[in-house]
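Lettering of chains follows the sequences in order, A, B, ..., and the numbering in each one begins at 1.
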Amino acid sequence: MNSQPHTTMQDPLLAGLNNKQLEAVTLPQQSALILAGAGSGKTRVLTARIAWLIQTEQVSPTGLLAVTFTNKAAKEMLTRITASLPINTRGMWVGTFHGLCNRLLRAHHREAGLPASFQILDIADQLSMIKRLMKLMNVDDEKFPPKQVQNYINGCKDEGLRAHAVDAYDPHSQKLREIFEEYDKQCQRDGVADFAELLLRCYELLERDANIRLHYQSRFRYILVDEFQDTNRLQYQWLKLLAGKDNCMFAVGDDDQSIYGFRGARVGNMRDFETDFNVQSVVKLEENYRSHSNILDAANAIISHNKNRLGKNLWTSAGAGEPVRVYQAYNDNDEAQFIVDEIKMLHAEGTELGEMAMLYRSNAQSRVLEHALFSANLPYRVYGGLRFFERAEIKHALAYMRLIANANDDTALLRVINFPARGIGARSLEQLQEAARTQNCSLWQAAINKVGNGKAGGKGIDGFVALIRQMVDEAYGISLAELAELATTLSGLKAHYQNEKEGEDRIANLEELVTAAVAFTNQDFGNHSNADGETEQDLLTQFLSHASLEAGEHQADVGREALQLMTVHASKGLEFKVVFISGLEEGLCPHEQSTYEANGLEEERRLMYVAVTRARQRLYLSHAQSRMLHGQVRYGIPSRFLDEIPDELLKHLNSKPVAKSGYGRDYNELPAIMSKQQSSTQKSAMPWKVGQQVAHNKFGNGVVVSYEGNANDMRVQVNFGREGLKWLALEFAKLTAI
DNA sequence: TTAGGTCCAGTTTTT
DNA sequence: CTGGACCTAA
């Protein structure tokens with residue numbers, strides 16, 4: 001291999017790269033960390049690196065592995081590679097962590113201890129299995145909310161821990177560990193794997209089996225990782241194992257955009273990577289090609305308040321551009337109305353609707369915005385709802401298909417054993433589960449044992465067993481699309497929805513499933529086996545994996561002629577000409593919950609940083625003095641993040657910035673937006689609670705918005721409407737309740 | 001088995 | 001205010 005680049009600047013692969021990008025793309029054979037700021041051409045560098053390595057024959061297309069977090073990013077990468085090099089990307093290992101692990105586990109399912117047609121549990125399946133198990137184990141779901149148990153299990157697995165490896169000293173955590181253990185056993189019996197299991201299983205397989213490990217280690221000389229800051233501990237360990245001692249890892253990431261800490265992402269992996277891999281070259285991509293400098297400077301100013309940073313400052317050669325606009329709304333409706341008016345104006349001036357985005361911290365905020373857009377007759381699209389493969393009717397159809405592939409899948413069986421209704425009530429189910437438990441077998445086995453050779457057309461469990469058997473019979477030798485058709489019709493699903501009032505959409509979706517099966521067959525034909533000993537897996541199993549791993553696109557396809565509405569999380573990686581960030585109030589952004597978590601505030605700030613850096617030309621920041629939350633009016637003060645932006649970058653669109661949201665004030669002690677528990681304790685300590693109507697002899701009537709100080713030196717902030725917001729010292733001000 | 005009523009909780013979520 | 005989960009009556 002030749003590590004000396006024999007390319008020149010004329011090389012089309014490298015044309016147009018700036019010096020730093022070029023340096024990153026053509027780094028010699030060693031592990032490297034690329035700190036790629038927002039809008040700095042990260043994906044471009046990553047794909048150019050791959051293309052360059054291949055073109056200079058430092059590695060063959062099959063000798064490298066590139067891993068991303070989303071299917072979208074993986075696809076994007078493949079598309080760009082094919083565009084720059086005349087190679088077939090089919091055999092290449094480019095995909096998501098889960099996709100690649102799935103691929104590896106399918107190839108070595110025997111060694112991994114899984115059935116060839118093991119199915120993948122999505123979060124909903126997982127939760128239902130946990131609930132079922134807890135009932136069986138007689139666990140109090142008040143003390144152990146199933147959702148928390150689920151988080152616990154996934155959290156452990158994300159850390160690379162099995163039940164036996166978890167510390168548990170008190171009864172509560174011992175119980176959790178016990179459920180965890182039972183859950184894993186149940187998965188094993190059913191022949192299913194949850195998302196985290198795919199990674200953990202794969203990791204354990206590589207660790208345990210030296211042959212397999214060495215095979216992949218010697219194959220993948222180059223490993224490239226996208227969004228490295230989002231890797232969790234297990235993913236990092238997995239990468240380390242694959243890299244071994246000799247392989248090169250090329251990690252691209254941005255610590256300032258790490259916003260998935262709550263899901264186990266460890267920014268610390270970046271520092272660990274530097275030492276563990278003896279990284280000689282850290283290349284910083286700091287030139288931003290997206291935003292004007294006012295926007296960038298605002299982002300830089302915000303993020304500079306974080307202490308735990310690797311250090312990076314974005315700059316641009318584009319001009320200052322427009323100031324960042326700040327709007328203070330009276331309430332949430334007013335805020336939405338303002339945004340709608342601005343959008344109308346910009347649209348009239350020629351900005352396409354698809355070029356504008358409304359970002360918010362939590363999904364609940366979209367409601368008011370949607371209402372305003374709807375009233376204004378503006379087309380919009382909200383991202384983050386249910387995805388195609390997550391819809392109930394689709395999951396039902398898939399459950400039938402899963403049973404055809406593997407009838408021992410209890411989760412799938414329970415989903416459809418009585419759907420459409422065939423007279424199997426709680427009673428018979430209970431009996432069936434009891435039988436399965438005593439015989440230590442799957443529900444399907446128990447059903448068969450009970451029914452024997454039950455004749456077709458029977459009622460209840462007889463009928464169900466006969467139905468599945470008939471499906472399996474008829475499925476033999478037919479195409480995937482025919483199989484999907486079978487699952488939707490023979491099961492009675494279609495007929496069921498035909499009788500339902502609002503079933504038309506669902507039937508359309510079921511038909512769409514058949515179409516998806518056709519598309520999948522065509523697209524994937526010939527892709528399911530290759531030279532290096534991967535076993536050929538049947539199309540049905542592949543399709544079902546696809547459905548679980550790629551539940552339909554979640555992220556926005558920018559460019560549609562509709563306004564884009566999404567959470568800040570969902571906006572990562574996207575850019576828009578105009579961005580509105582709404583709800584910038586303490587308690588919402590930064591979110592109240594986050595202040596209880598260690599480093600929570602810094603993650604919230606990164607979130608704000610991500611949001612701001614989405615904008616190319618124009619950025620609006622808005623906050624409201626009050627908004628409806630959980631059916632109650634809440635009063636909030638402007639987000640501290642607004643204060644962190646230098647005033648010269650801002651243009652206040654209305655009035656003056658209201659009472660500085662208070663540097664030096666301890667937000668953790670006194671959240672501005674009160675939660676239920678706090679309101680009771682505060683009543684006793686506070687003469688006035690937030691939201692209290694008060695009268696003042698000079699300013700007139702107003703409402704308490706927030707307060708600060710202690711019992712001796714208490715000040716309240718009161719909104720007097722026309723008179724504005726005032727801070728009043730309780731010692732002096734004469735306030736009366738009204 | 002289902003329809004309808006009550007009660008409760010209520011961030012973010014690439015796979 | 002909402003959606004979901006759970007419960008009770010038909």
Would you please confirm or rule out a distance under 4.0 Å between OP1 or OP2 of [N] and any side-chain N or O of [X]?
| X | N | answer |
| --- | --- | --- |
| A:Arg422 | B:dT1 | no |
| A:Arg387 | B:dT15 | yes |
| A:Ser594 | B:dT12 | no |
| A:Asn154 | B:dT13 | no |
| A:Asn71 | B:dT14 | no |

Open item on the list: Need to verify one output field. Residue with the more 5' nearest nucleotide on DNA chain B, A:Phe69 or A:Glu597?
Closed with: A:Glu597
TODO: Nearest-nucleotide wise, let me know which of A:Asn418 and A:Glu603 is further upstream toward the 5' end of DNA chain B.
DONE: A:Asn418
Measure [atom1]/[X] against [atom2]/[N] and give the value in whole Å, please.
| X | N | atom1 | atom2 | value |
| --- | --- | --- | --- | --- |
| A:Asn151 | B:dT11 | CG | C1' | 12 Å |
| A:His371 | C:dT2 | NE2 | P | 11 Å |
| A:Gln150 | B:dT13 | CD | P | 15 Å |
| A:Arg263 | B:dT12 | CZ | P | 13 Å |
| A:Leu607 | B:dT13 | CG | C1' | 12 Å |
| A:Tyr260 | B:dT14 | OH | P | 6 Å |
| A:Asn232 | B:dT15 | CG | C1' | 11 Å |
| A:Lys147 | B:dT11 | NZ | P | 10 Å |

Open item on the list: If we ignore hydrogens and angles and just use 3.5 Å, is the side chain of A:Arg233 paired with the main-chain N or O of A:Gly160 as donor and acceptor?
Closed with: no
Task: Side chain A:Gln119, main chain A:Ser117, donor-acceptor under 3.5 Å - done: yes
- [ ] Classify the side chain of A:His98 and the base of B:dT15 as holding, or not holding, a donor-acceptor pair under 3.5 Å.
- [x] yes
TODO: Give a yes/no verdict on base stacking between B:dT11 and A:His591: centres under 5.5 Å, planes within less than 30° of parallel.
DONE: yes
Open item on the list: If stacking means aromatic ring centre less than 5.5 angstrom from the base's six-membered ring centre, planes under 30°, is A:His630 stacked on B:dA9?
Closed with: no
Contact class for [X] vs. all strands (heavy atom < 4.0 Å): base, sugar-phosphate, or nothing?
| X | answer |
| --- | --- |
| A:Leu121 | nothing |
| A:Glu604 | base |
| A:Phe97 | nothing |
| A:Arg361 | base |

Task: Distance-only side-chain donor-acceptor flag, A:Arg266 / A:Asn232, under 3.5 Å - done: no
TODO: For the side chain of A:Ala421, starting at C-beta, report the closest nucleotide among B:dT1, B:dT15, B:dT14.
DONE: B:dT1
- [ ] Select one nucleotide: of B:dT15, B:dT14, B:dT12, the one nearest the side-chain heavy atoms of A:Asp230.
- [x] B:dT14
Task: cation_pi(A:Arg106, A:Phe118) dist<6.0 Å, angle<=45 - done: yes
TODO: Take A:Asp332 and A:Arg367 through the salt bridge (Lys or Arg N to Asp or Glu O under 4.0 Å) test and state the conclusion after the steps.
DONE: CA-CA 10 Å; A:Asp332 44 357; A:Arg367 179 188 302 277; over 6 Å; no
Task: Whole-angstrom distance between C:dA5 and B:dT12, as gauged at atom C1' - done: 23 Å
Task: Pair A:His591 and A:Phe262, ring centroids less than 6.0 Å apart - done: no
